[in-house]
Amino acid sequence: MQIYKTVDSNNLIRLEEDSGAAVTMYQSGSVGIIIAIQVPRSDREEGIGTALLKAAEIEAAKHGIKSLESDFSSKVRGMTELFESRGYEVTETYPILSMDMAKLISNERVKKILNKNVPGIKFASLEELLMMQWDQLVEILDKFSIRLSSSDLGRFSQSASGVVYDAGGEPKAFVLSSEKEDSFHVDFLAAPGGDGSFVMAALQGMLLEVIAKGGAQKYPTLTAISANDTIKKLLENLLGAGNLNQVARVMYASRDLTPIDDDDIDIVEDITEGAEDEVRREVRTVLFQDNIAWKPAWQRGRHKKDNKDVGEADATDKSESGQEAKKAAAPAEEKDASTVSDFPDEFMSPYDMDFDYDKDEDETDGLIEEGLVRICEDNLESFESILPIDALYNLPRPYFRGLATGSDEDSSYIVYEYKDLDNEIDNKSQILWMNIRDEDAGASLISEYTHEIGDHDITETYLETAPDDIKKKVLSDADFKISERESDYVLATLDEFLDTPFARGRAPEYVIGLGEVGERQFKRGVGNCLLNNKKGVVEDLAYLPMEWFDGDVSTCVITDDKVSGMLLLHQLPSRRLFVDLLFSASGDAQMDIINMIRRSIQAAAKKYPHDTPIVLYRHNKMVKGLVSRMFPGKTADTVLSGKRKEI
């Protein structure tokens with residue numbers, strides 16, 4: 001079959017067949033991104049799509065591309081089969097949601113949002129932003145980890161896309177939306193800080209413009225790619241789950257290229273003047289749901305270097321950008337972990353940054369009522385002989401709280417942490433440490449705890465603690481649902497980790513220690529995690545300095561000089577190593593996670609005694625699956641588990 005190469009300029013490649021069928025792809029370093037495969041309906045099921053995909057692979061290999069990837073809608077019939085027939089691994093990713101625009105606009109909660117005016121918060125449209133100097137706009141986009149050229153921005157609605165600023169003029173949320181033939185589509189909606197009020201302000205700005213453009217009469221439906229659960233929950237809370245329909249899913253296909261020699265495919269160069277501009281215009285206006293394959297422009301740049309325009313070539317191999325692994329530090333000296341004073345001052349002050357969720361000023365008073373004390377930084381020394389050393393270490397952090405019945409050795413106490421406060425819909429609290437001497441003391445603590453969390457709209461409390469009859473009675477009387485089960489916290493020694501297959505082999509050069517990453521790279525990596533709604537088990541990830549984590553043992557994946565994956569650990573005063581975050585946003589996330597674990601285990605073995613315990617908190621399905629793969633059959637301690645709905 002004869003295939004014509006009609007565009008081969010910079011990193012854009014276009015191949016076409018006589019019938020008008022075409023495949024379009026971008027080259028981004030050693031990665032090829034298939035944007036579209038289009039075959040006329042009358043010529044489908046004739047093998048043309050397979051031939052075009054094969055031709056794309058042959059041409060990609062000539063350009064030094066080592067792997068191909070593509071996103072497409074599950075609604076497109078036959079696309080999964082096409083990719084799988086060529087050896088691609090196809091997985092489901094984000095759901096594509098659809099809402100009735102008339103119901104959305106007439107919803108009472110949405111009406112309140114549309115009529116709400118929050119002093120100091122301003123929505124600036126893309127139209128206004130494009131009047132800025134380009135470098136100013138790039139700086140704003142960079143805060144949201146969006147990499148777009150000026151031509152890419154042209155495909156979005158200029159009035160219904162934009163940024164939300166706070167009272168201080170700082171950009172806090174960004175929305176990109178586009179007009180379709182009979183619907184309006186949200187391409188991108190994010191608030192890296194996770195503040196729901198700014199997300200609401202972005203939706204308000206967008207919807208007001210949609211209404212001005214014709215509302216439900218012009219756009220019967222609103223569609224959106226739900227890239228994280230926060231946005232989905234927010235929409236469900238606004239509309240009710242019954243009004244939010246999942247119409248499809250975004251599918252992701254990828255494969256490594258091997259040498260291809262196919263005499264049936266004849267690629268002929270037939271480049272005409274203006275072809276590149278024509279294809280670029282087509283790419284910018286292609287519809288996600290209706291196109292065979294489409295990767296949104298703001299995602300396409302994930303493999304590219306900073307400040308690169310979409311049209312710039314970048315043939316740097318990923319492996320060439322890796323850095324030589326840093327030599328591990330000498331083994332740490334043994335220290336007595338019995339008191340806080342054994343540790344440096346910085347252990348008691350995890351960070352000194354401003355934080356917008358301050359503890360109440362009256363907490364420094366300590367005394368709540370006779371017999372009850374609120375534990376705070378000012379009176380922490382009084383509890384050195386009472387609280388576990390790890391609780392003392394964490395209490396200065398702003399999400400943590402503590403209550404006690406006094407400051408003597410017979411005191412009862414609870415230490416808890418606020419969770420998901422960036423989610424206006426579902427705020428939680430986790431009781432982390434608990435010691436109840438008698439039922440009266442326990443009842444007083446739980447009563448005061450209930451009063452405290454009432455000020456912060458906590459919807460649920462959960463806990464696990466060493467089982468005993470007094471705790472069980474106190475918690476049951478306070479309406480907690482109680483059961484005894486295996487702990488979610490798994491402890492394994494460094495030796496046990498070294499015995500797993502994960503510890504064998506050598507991690508690639510682009511997997512490096514956190515200590516080799518610059519401060520700016522680290523912050524961008526954290527921003528990438530938050531943008532993807534991932535913060536591991538560290539509520540205050542956005543505010544912790546790089547030094548909080550063990551720079552020798554924590555690991556990063558570097559893709560085109562950016563941090564695209566992170567495995568963050570820190571050592572507790574009890575000498576345990578705690579895994580805070582494990583995340584990758586690269587094209588090969590599963591392999592990157594394995595390599596990060598491999599590199600961290602090997603680095604830890606050079607720094608810590610091999611009997612050092614490592615704590616894995618099985619807080620989601622991914623971690624549970626990972627633990628079961630690493631330690632099949634391993635069990636954790638039996639604990640008393642409790643849960644209570646608060647609102």
Side-chain angles (χ1 to χ4, degrees), residues 332-351 359 373-404 407 409 411-419 429-436 445 449 462-468 471 487-494 535-541 543-545 547-550 553-554 568-581 604 607-609 611-619 623 636-637 639-642:
E333 293 181 4
E334 292 289 335
K335 290 186 180 180
D336 176 17
S338 59
T339 64
V340 177
S341 57
D342 291 330
F343 286 83
D345 289 341
E346 60 265 29
F347 272 63
M348 291 307 299
S349 300
Y351 46 87
K359 296 186 178 182
V373 178
R374 186 182 288 114
I375 307 169
C376 59
E377 197 164 1
D378 288 351
N379 62 16
L380 209 54
E381 290 183 4
S382 304
F383 294 91
E384 283 189 9
S385 62
I386 302 166
L387 293 177
I389 192 169
D390 291 345
L392 289 164
Y393 171 56
N394 281 296
L395 268 163
R397 295 166 64 186
Y399 281 121
F400 286 80
R401 301 289 192 273
L403 297 168
S407 56
E409 292 187 359
S411 296
S412 297
Y413 60 80
I414 58 172
V415 176
Y416 55 100
E417 181 187 13
Y418 289 135
K419 296 280 189 177
S429 175
Q430 181 180 11
I431 297 177
L432 297 163
W433 291 275
M434 169 182 275
N435 185 39
I436 305 296
L445 282 174
Y449 165 80
Y462 59 101
L463 63 93
E464 62 174 59
T465 182
D468 67 49
K471 289 178 187 173
S487 173
D488 286 330
Y489 293 89
V490 175
L491 270 73
T493 64
L494 184 50
K535 54 189 172 187
V537 293
V538 196
E539 279 309 301
D540 45 358
L541 178 63
Y543 307 95
L544 289 168
E547 295 74 23
W548 165 261
F549 306 101
D550 187 317
V553 179
S554 297
L568 301 179
L569 306 94
H570 76 281
Q571 189 179 28
L572 293 160
S574 61
R575 293 304 171 194
R576 296 174 175 181
L577 283 173
F578 193 88
V579 179
D580 297 296
L581 173 72
K607 182 172 182 179
Y608 295 106
D611 63 351
T612 300
I614 300 175
V615 185
L616 285 163
Y617 179 27
R618 296 179 290 186
H619 66 291
V623 181
D637 293 337
V639 295
L640 190 67
S641 174

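Side chains are part of it too, since the values below use all heavy atoms of this structure and drop only hydrogens, waters and symmetry mates.
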Any residue meeting ring-ring contact (aromatic ring centres under 6.0 Å, His included) with Y416, in chain and number order, not counting sequence neighbours: Y418, Y449
Pair L387-I375, side-chain contact (heavy atoms from CB on, under 4.5 Å): steps then yes or no: CA-CA 10 Å; L387 293 177; I375 307 169; 3.9 Å; yes
Value rounded to 0.5 Å, distance of OG in S487 from CZ in R618: 7.0 Å
Closest non-hydrogen atom pair between R575 and T612, with its separation: O-CG2, 3.5 Å
Ring centre gap for F578 and W548 strictly below 6.0 Å: no
Shortest non-hydrogen separation from V623 to Y617 and the atoms involved: CG1-O, 3.5 Å
Ring geometry between F549 and H570 (parallel below 30°, tilted from 30 to 60°, perpendicular above 60°): perpendicular
Note, F383 side chain near L395 side chain (heavy atom, < 4.5 Å): no
Any donor-acceptor pair under 3.5 Å from E464 side chain to D488 backbone: yes
Greater than 12 external heavy atoms within 6.0 Å of E547's CD: yes
Between CD1 on residue I436 and OG on residue S411, distance to nearest 0.5 Å: 11.0 Å
CA sep, side-chain torsions, deciding dist, call: I431, T465, side-chain contact (heavy atoms from CB on, under 4.5 Å): CA-CA 9 Å; I431 297 177; T465 182; over 6 Å; no
Spacing of I614 atom CD1 and T493 atom OG1 [to the nearest 0.5 Å]: 8.0 Å
Atom pair CG/CG of L491 and L577 - distance to nearest 0.5 Å: 10.5 Å
salt_bridge(D550, K607) N-O dist < 4.0 Å: yes
Verdict with reasoning, Y489 to V639, per side-chain contact (heavy atoms from CB on, under 4.5 Å): CA-CA 10 Å; Y489 293 89; V639 295; over 6 Å; no
Donor-acceptor under 3.5 Å (N379 side chain, R374 main chain): yes
Exceeds 12 heavy-atom contacts within 6.0 angstrom, atom CZ of R576: no
For E417, all residues meeting side chain to side chain donor-acceptor pair (under 3.5 Å), sequence neighbours excluded: K419
Closest approach of A391 to V415 (non-hydrogen atoms, all atoms of both residues): CB-CG2, 4.3 Å
Heavy-atom side-chain contact between V538 and R397 under 4.5 Å: yes
Approximate separation, where rounding is to 0.5 Å, of L445 CG and I414 CD1: 5.5 Å
Nearest atoms (heavy-atom pairs only) where D390 meets S574: OD2-OG, 2.7 Å
Within 6.0 angstrom of D637 CG, more than 12 heavy atoms from elsewhere: no
Min side-chain heavy-atom separation L568-L541 under 4.5 Å: yes
Contacts of type side chain to side chain donor-acceptor pair (under 3.5 Å), residue Y462, not counting sequence neighbours: none
Approximate separation, where rounding is to 0.5 Å, of L380 CG and L392 CG: 5.0 Å
For L569, the option from L581, V579, V615 that meets side-chain contact (heavy atoms from CB on, under 4.5 Å): V579
